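Take a look at the structure below.
In what follows, chains carry the letters A, B, and so on, assigned in the order in which the sequence lines appear, proteins first and then strands, with residues in each chain numbered from 1. On a predicted model such as this, the values are computed, not experimentally measured, just so you know.
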Amino acid sequence: MVRYSRGKRVLWRQAADRVLLLPATDGELVSLTGTGVALWELLTEPLELGDLSAVMATAFDVDPELIAADLLPILEDLTRRGLVEAVN
Amino acid sequence: MDFFGQHCTAIAAYGLPGALLDLPPATLDTPDWDRLVRAAVAHRVEGLLAAAVAGGALPSTDAQRLAIIETHAESMGGCLMLEATLLRLVEKFKKAGLTVAVLRGVAAAHLEYSDPAVRTFGDIDLLIPPGLVEQAAPILAAAGLVPDPSSLAEGRWDPPGLAFVDDHQLEIDLYEHVIGGPLASTLPATELWGDLSTFELAGTSVATLSPEVRLIAACLRASAGPSPRLIALRDVVELVFGGRVDVSRVRQLAQEWGLRAFLAAAIRRAWQTFALADVVALSNWAQRYHPSPAEAELLAAYRQPPSERQPRRRLPRRLLHARGVQLGNVGPVFRPIAGSSNGGQRP
């Protein structure tokens with residue numbers, strides 16, 4: 001199973017309602033808002049999609065499967081951008 | 001101090017233990033709010049302003065709150081871009097076998113403040129070993145930076161430096177010292193390299209000065225001119241309160257380098273400006289320190305207003321290639337965010 005965590009070569013800052021991320025090597029500045037901020041906070045340790053979904057489902061009182069369906073493309077996008085690491 | 005000066009100072013003191021300054025008790029009207037935000041940005045304390053609003057300590061309308069969030073986000077975006085540039089340069093310097101130490105804003109953000117988002121900065125300041133500017137300059141050129149031929153006139157005691165800018169007008173300044181003028185002779189630049197610290201930035205180890213030398217350098221900046229930036233004073237307080245500075249060591253270094261009066265004066269100035277009630281060993285020593293007549297004279301000279309400043313001595317002219325670099329605002333630059341992940345629309 002794939003586990004996701006914050007990229008090691010990522011510069012970031014957290015503000016009141018968002019997290020700004022920038023790959024240290026090369027890339028674009030990205031802003032995470034809403035539940036994206038909670039996602040970034042969870043990614044301090046490697047977690048599988050199921051674990052991430054379970055925690056966020058509890059926090060936001062939403063069905064875990066619905067959360068997982070939302071999270072997967074976001075995690076894949078952040079991984080492509082070099083902001084998140086995905087390891088098997 | 002005027003109305004905005006008082007409020008801006010209170011903002012700069014936000015979160016400090018024992019600070020006795022009051023933030024505005026009620027929301028400000030739009031013109032006053034806008035003026036306050038501009039003052040905060042000028043003093044580099046917009047991060048503290050945003051924190052005070054987010055913490056509920058500074059009353060604001062919804063529109064004002066959203067506006068300061070955006071202002072702060074813009075500053076932070078600029079800081080991230082500067083840090084990315086810094087890391088690229090650190091790697092190039094490392095490959096060239098050249099040690100550089102990062103000064104001021106970046107180091108302060110990551111070492112002196114519990115949340116780096118609170119401490120914004122508008123450029124990168126790098127200290128290079130004396131006599132190695134000619135080695136350093138081509139490395140910056142290879143990284144796509146060009147010298148800024150019209151270095152701004154700074155205070156008469158500022159160290160000589162060389163500014164470089166990139167395509168986004170992000171500014172990197174090279175220095176061989178942390179102080180200029182006659183004080184530089186009492187503090188040989190080589191002494192600054194005796195005991196470096198490091199911090200981690202996106203997985204890369206970045207060198208900076210030791211906590212004691214950082215405090216002395218911060219005190220020199222906070223002593224300069226009649227009205228230093230509030231963030232310079234805040235940096236002094238963060239260093240004094242932070243627990244990293246060896247009090248005996250910093251006093252010993254200040255004595256060896258003939259800078260005790262500056263160390264004491266800056267700490268006193270910071271404590272008075274922020275009306276700090278808490279007393280620690282260094283603030284107690286600073287309050288009790290009496291400069292000699294010669295020290296008092298030098299302190300007074302150091303605090304001369306900008307109208308009496310002289311152009312700073314430039315580094316070797318052959319390194320300045322006039323390419324018609326467009327000078328403009330080299331403050332924080334926020335490149336439009338091309339990608340944004342909302343994290344889903346679900347609550």
Given a strict heavy-atom distance threshold of 4.5 Å, which part of [X] is in contact with chain B: side chain, backbone, both, or neither?
X	answer
A:Trp40	neither
A:Leu75	neither
A:Arg6	neither

SB check A:Lys8 B:Glu200 (cutoff 4.0 Å)
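Result for this pair is no, no salt bridge flagged.
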Which heavy atom of B:Arg88 sits nearest to which heavy atom of A:Ala24, and what is that distance?
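Looks like NH1-O, 4.1 Å.
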For A:Leu11 and B:Ala84, which heavy atoms make the closest approach, and how far apart are they?
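In terms of heavy atoms, the two residues are closest at CD1-N, 3.4 Å.
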In terms of heavy-atom pairs under 4.5 Å, which option from B:Gly203, B:Ala51, B:Pro116 contacts chain A the most?
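That would be B:Pro116.
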Could you look at B:Ala117 and say if it's the side chain, the backbone, both or neither that has a heavy atom under 4.5 Å from chain A?
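Both backbone and side chain.
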What's the spacing between [X] [atom1] and [Y] [atom2] if we round to 0.5 Å?
X	Y	atom1	atom2	value
A:Asp17	B:Ile69	CG	CD1	4.5 Å
B:Cys79	A:Leu22	SG	CG	11.5 Å
A:Thr25	B:Leu87	OG1	CG	10.0 Å

Would B:Glu83 and A:Arg13 count as a side chain to side chain contact (heavy atoms under 4.5 Å, CB included) if you check the C-alpha gap in whole Å, the side-chain angles of each, and the deciding distance to 0.1 Å?
CA-CA 11 Å; B:Glu83 288 181 348; A:Arg13 293 285 198 278; 2.6 Å; yes
Could you tell me whether A:Glu48 atom CD has more than 12 heavy atoms of other residues or ligands within 6.0 Å of it?
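It does: A:Glu48 CD has more than 12 such atoms within range.
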Any donor-acceptor pair under 3.5 Å linking the side-chain atoms of B:Thr204 with those of A:Arg9?
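Their side chains do contain a donor-acceptor pair, which is all the 3.5 Å distance test asks for.
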Kindly determine whether A:Arg18 and B:Glu70 satisfy side chain to side chain contact (heavy atoms under 4.5 Å, CB included), including the steps that lead there.
CA-CA 10 Å; A:Arg18 73 195 70 177; B:Glu70 292 302 324; 2.7 Å; yes
